[in-house]
Amino acid sequence: MEKLKVGKTADSFVAVLVPAGIFAFFTFFYNSHLHFEEQFSLFLFTSDYLIEKLILPGGVAGYLGEFLTQFYYISFLGPLIIALLLFALFLVIKKAISTVSPGSILLLSGLIPPLYAGMILCNEFYPLSVVTGHLLSMTAAMLYIHLKQKKTRFITGLVLIPVVYWITGGLYISCLSVIIVFELLAGRKTGRGNTINRRRFAGMVIIVSYLLVAASIPLILQKCIFSEPGFAGLWGRFCYNIPGAIPASVVILSVLPAILMFFSGIVRVHEKHVIKVLTAEILIIAAFCFAGFRYYSNFDAEETMTYDYLVRQGRWDDVLKYSAKRPPENYLSLSMLNLSLSKTGRMGDNLFRYDQHGISGLFLSFNKEYVAPLMGNEIFYNLGLINASQQYAFESMETIPDMGKSARIIRRLAETNLINGQYQVSEKYLHILEHTLFYRKWAKNTLPYLYNEEKINANADWGEKRKYLIVDDYFFHVQDIETILNRMVSEHPDNRAAFEYLMAFYLITKDLGHFSGLIPAMEKMRYAKVPSSYQEAITFILASSNRDPLTESPQYISQGTRQNLKTYADIFNTYPDAEQRLRPRFSGTYWFYLHFNDYQYNPEEIIQKNLY
């Protein structure tokens with residue numbers, strides 16, 4: 001008896017510890033994934049939106065999942081919602097298992113399905129409706145197995161299966177499989193021979209009836225009500241964000257509770273083995289967590305999403321702080337870091353302190369997917385290329401895999417149309433956002449700007465963007481970004497962001513000829529101190545022209561730069577292993593980039609490079 005008490009205590013402790021761990025994981029290690037999912041959703045508090053969901057199989061679970069997903073907007077609420085849903089799922093599964101194995105120490109195994117659900121949520125293509133649908137399906141199954149009268153249970157099952165299919169879509173498999181296992185185990189109860197045979201026969205009739213209903217209802221509905229073809233259409237569209245696909249993970253999640261219930265129903269643990277079995281369960285669950293979260297988690301994507309989230313919030317200094325811990329590992333992250341350098345006025349000084357790999361780290365192309373154009377639109381918007389920003393934002397929304405809409409993008413489209421004076425279009429987007437929870441306030445505060453030129457021009461952000469709009473018409477393509485930046489600098493010489501991006505373009509492409517042509521414009525920028533990479537490039541140009549940069553450099557070349565050049569040149573010209581000797585001190589200089597970075601500019605690279 002003491003061992004059973006110890007087992008139950010450990011059971012309760014672990015059952016509470018796991019949701020706490022889930023909350024901590026999604027709060028401190030995987031939070032940007034949740035922000036990423038929130039921005040690509042648009043939950044509207046309208047009757048049309050509700051009806052649009054409810055008329056589809058799985059629509060109830062989908063609606064509830066999307067309702068809860070919008071709360072990912074607040075950093076701690078997303079992890080809290082996930083932890084609570086998974087804990088609720090554990091309680092339901094535990095209750096279902098206890099009906100076939102009261103007092104079983106194997107109840108702890110009921111943690112496996114919630115943990116698995118948490119794992120697949122690490123993949124951004126699995127929506128929260130996977131969990132809400134699974135929870136609703138399992139709740140329906142629990143209600144079924146608590147009915148005592150077999151006739152009442154049978155009639156309820158015939159009604160419940162179609163209803164659960166409509167509520168949860170393909171996740172009704174969870175409910176169906178648990179019901180079948182329950183009836184199979186119920187048929188194993190002891191009794192006299194004839195009684196057992198009759199019970200087993202009745203059980204098989206019930207199971208076959210349920211299987212026929214479960215198979216026919218989706219087919220009938222597909223034929224008569226909705227027209228999505230194939231097995232994926234039968235499953236519903238709320239379990240995976242890529243239409244037409246049914247990943248194995250969702251199917252596994254659906255049948256896991258029934259499998260655990262079956263083994264719990266046929267396995268009995270003697271009291272003297274309780275501690276051993278409990279220890280084994282805990283070790284298995286720990287190993288399952290380690291392997292599963294490692295398999296489903298993508299921390300490289302989490303890094304990119306963190307860069308994107310911080311840029312979206314305008315937290316430029318936080319981007320730089322984050323880069324000290326997690327240097328960019330792809331073009332998406334690098335482009336967000338370079339934008340942050342520009343916004344904090346550090347691009348000219350710090351650009352080459354980071355590993356630059358060509359102009360794809362400055363500008364992102366549209367590669368027929370939805371992430372790069374969304375992040376790329378931030379660069380164009382902050383440079384003042386409003387039409388390019390609008391194009392990228394719109395194309396991003398049109399290529400969202402589940403064909404949904406994005407609150408973040410609709411907000412950006414409202415801004416770009418407002419800046420361009422397209423007030424009717426902007427108003428349309430603002431009215432959409434008025435029906436959201438977390439974007440409503442911003443939309444209401446923005447509406448008074450419509451048709452009010454003076455108010456827009458006085459706005460620190462939108463007024464500046466209007467000021468730097470290109471006057472003449474032009475055809476935009478990211479391959480022509482050099483020409484476009486030159487036009488921007490020509491029309492607005494005080495547009496420092498555009499100027500520094502153009503200078504960065506020439507420095508990264510090692511085009512010192514065109515860089516030299518911008519030196520007069522640089523001298524008019526009234527820098528308190530000319531950025532260090534510009535100074536280093538200018539001294540290199542002088543040295544390449546057989547002039548002494550130590551004595552013939554312009555006055556704005558600091559004494560520190562001159563001395564550093566002398567030290568650098570002495571090492572470079574003296575030692576065959578100069579790269580290794582120079583790296584500790586000079587790897588962040590433009591001289592080091594020129595000599596030891598083998599990048600060669602290709603005008604088409606911006607549309608050919610793999611961004612990830």
Side-chain angles (χ1 to χ4, degrees), residues 303-364 372 374-385 388-389 461 464-465 468 478 481-482 484-485 488-489 494-511 515 518 521-522 525-538 558 561 586-594 597 599 606 609 611:
E303 173 209 293
T304 300
M305 293 171 184
T306 300
Y307 275 103
D308 176 56
Y309 173 69
L310 294 174
V311 165
R312 172 191 177 189
Q313 298 293 316
R315 294 164 54 183
W316 312 111
D317 287 319
D318 288 339
V319 173
L320 303 184
K321 291 176 184 176
Y322 183 72
S323 70
K325 297 184 294 183
R326 290 292 304 267
E329 296 184 359
N330 55 53
Y331 288 116
L332 295 171
S333 300
L334 182 59
S335 66
M336 295 297 97
L337 172 60
N338 286 336
L339 174 60
S340 301
L341 289 173
S342 173
K343 296 297 291 184
T344 55
R346 302 174 194 176
M347 178 175 261
D349 286 316
N350 296 348
L351 184 65
F352 295 100
R353 293 184 183 179
Y354 303 93
D355 197 7
Q356 301 295 333
H357 294 284
I359 59 173
S360 292
L362 294 175
F363 306 100
L364 298 172
L374 176 69
M375 298 173 72
N377 111 85
E378 296 291 348
I379 301 168
F380 295 133
Y381 180 82
N382 283 283
L383 282 175
L385 290 167
S389 169
D461 183 24
E464 182 187 56
K465 299 298 185 294
Y468 292 137
V478 70
I481 193 64
E482 177 189 358
I484 295 165
L485 289 173
M488 293 178 73
V489 172
D494 59 336
N495 187 341
R496 182 171 290 192
F499 171 78
E500 291 186 348
Y501 258 86
L502 183 57
M503 293 288 266
F505 179 93
Y506 288 138
L507 290 175
I508 288 175
T509 58
K510 304 179 182 180
D511 186 351
F515 172 87
L518 288 174
M522 179 200 73
M525 281 289 172
R526 300 180 181 178
Y527 285 109
K529 170 185 164 295
V530 172
S532 56
S533 64
Y534 302 173
Q535 294 188 42
E536 290 157 3
I538 291 169
S558 70
T561 300
F586 294 100
S587 61
T589 65
Y590 187 59
W591 306 315
F592 192 89
Y593 174 82
L594 274 172
N597 188 305
Y599 166 72
I606 200 164
K609 288 282 188 181
L611 297 169

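To the nearest 0.5 angstrom, L383 atom CG is 10.5 Å from L502 atom CG. R353 CZ to S533 OG: the interatomic distance, rounded to the nearest 0.5 Å, is 10.0 Å. Taken from CZ in R526 to CZ in R496, the straight-line distance is 10.5 Å, to the nearest 0.5 Å. How far OG1 of T561 is from CH2 of W591: 6.0 Å, rounded to the nearest 0.5 Å. With rounding to the nearest 0.5 Å, the separation of CG in L518 from OH in Y506 is 6.0 Å. Put simply, CG on L507 and CG on L351 are 7.0 Å apart, with the number rounded to the nearest 0.5 Å.
Contact record, Y307 with P327: OH-C, 3.8 Å, taken as the closest heavy-atom pair. The minimum heavy-atom distance between L332 and M375, with the atom names listed, is O-CE, 3.6 Å. Closest approach of A504 to L362, counting heavy atoms only: C-CD1, 4.0 Å. Pairing each heavy atom of L334 with each of D355, the nearest pair is CD2-O, 3.8 Å. In plain terms, the two heavy atoms of S323 and Y354 that are nearest each other are OG-OH, 3.4 Å. Of all heavy-atom pairs between E378 and R312, the closest is OE2-CA, 4.5 Å.
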Item to complete: Take I481 and L385, measure what side chain to side chain contact (heavy atoms under 4.5 Å, CB included) needs, and give me the verdict at the end.
Response: CA-CA 10 Å; I481 193 64; L385 290 167; 4.1 Å; yes

Discussion item. For a side chain to side chain contact (heavy atoms under 4.5 Å, CB included) check, start with the C-alpha distance between F499 and M522, then their side-chain angles and the critical distance, and finish with the verdict.
Written reply: CA-CA 8 Å; F499 171 78; M522 179 200 73; 3.6 Å; yes

Fill in: Test side chain to side chain contact (heavy atoms under 4.5 Å, CB included) applied to W316 and N382, step by step
CA-CA 12 Å; W316 312 111; N382 283 283; 4.0 Å; yes

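A distance-only check finds a donor-acceptor pair linking the side chain of Y593 to the backbone of I508 [under 3.5 Å]. In terms of modelled atom types and a separation under 3.5 Å, the side chain of Y331 and the main chain of H357 share a donor-acceptor contact. In this structure, the side chain of S389 does not engage the main chain of F380 through any donor-acceptor pair within 3.5 Å. E303 contributes a side-chain N or O that, together with a main-chain N or O of E329, makes up a donor-acceptor pair within less than 3.5 Å. Judged by distance alone, the side chain of N338 and the main-chain N or O of G361 form a donor-acceptor pair under 3.5 Å.
Remark: F586 engages Y568 in a ring-ring contact (aromatic ring centres under 6.0 Å, His included) (not counting sequence neighbours). For the side-chain contact (heavy atoms from CB on, under 4.5 Å) test, residues two or more places apart in sequence or in another chain that qualify with N495 are Y468, M488, H492, A497, A498. Looking at residues two or more places apart in sequence or on another chain, you find a salt bridge (Lys or Arg N to Asp or Glu O under 4.0 Å) between K465 and D461. In this view, K529 and D349, S532, Q535 satisfy the side-chain contact (heavy atoms from CB on, under 4.5 Å) rule, not counting sequence neighbours. For T304, the side-chain hydrogen bond (donor to acceptor under 3.5 Å, both in side chains) partners two or more places apart in sequence, or in a different chain, are N330, S333. Residues forming a side-chain contact (heavy atoms from CB on, under 4.5 Å) with R346 (at least two apart in sequence, or on another chain): D317, L320, L341, T344, N350.
In this structure, R315 is not positioned above the aromatic face of Y322 in the sense of NZ or CZ being under 6.0 Å from the six-membered ring centre and within 45° of the axis.
Taking the side chain as every heavy atom from C-beta outward, Y527 and Y534 approach each other to under 4.5 Å. Using a 4.5 Å cut-off on side-chain heavy atoms (C-beta onward), F592 and N597 make no contact.
You'll find the ring centres of F505 and F363 outside the 6.0 Å limit.
Using modelled atom types, one finds no donor on one side chain facing an acceptor on the other under 3.5 Å when comparing Y599 with Q356.
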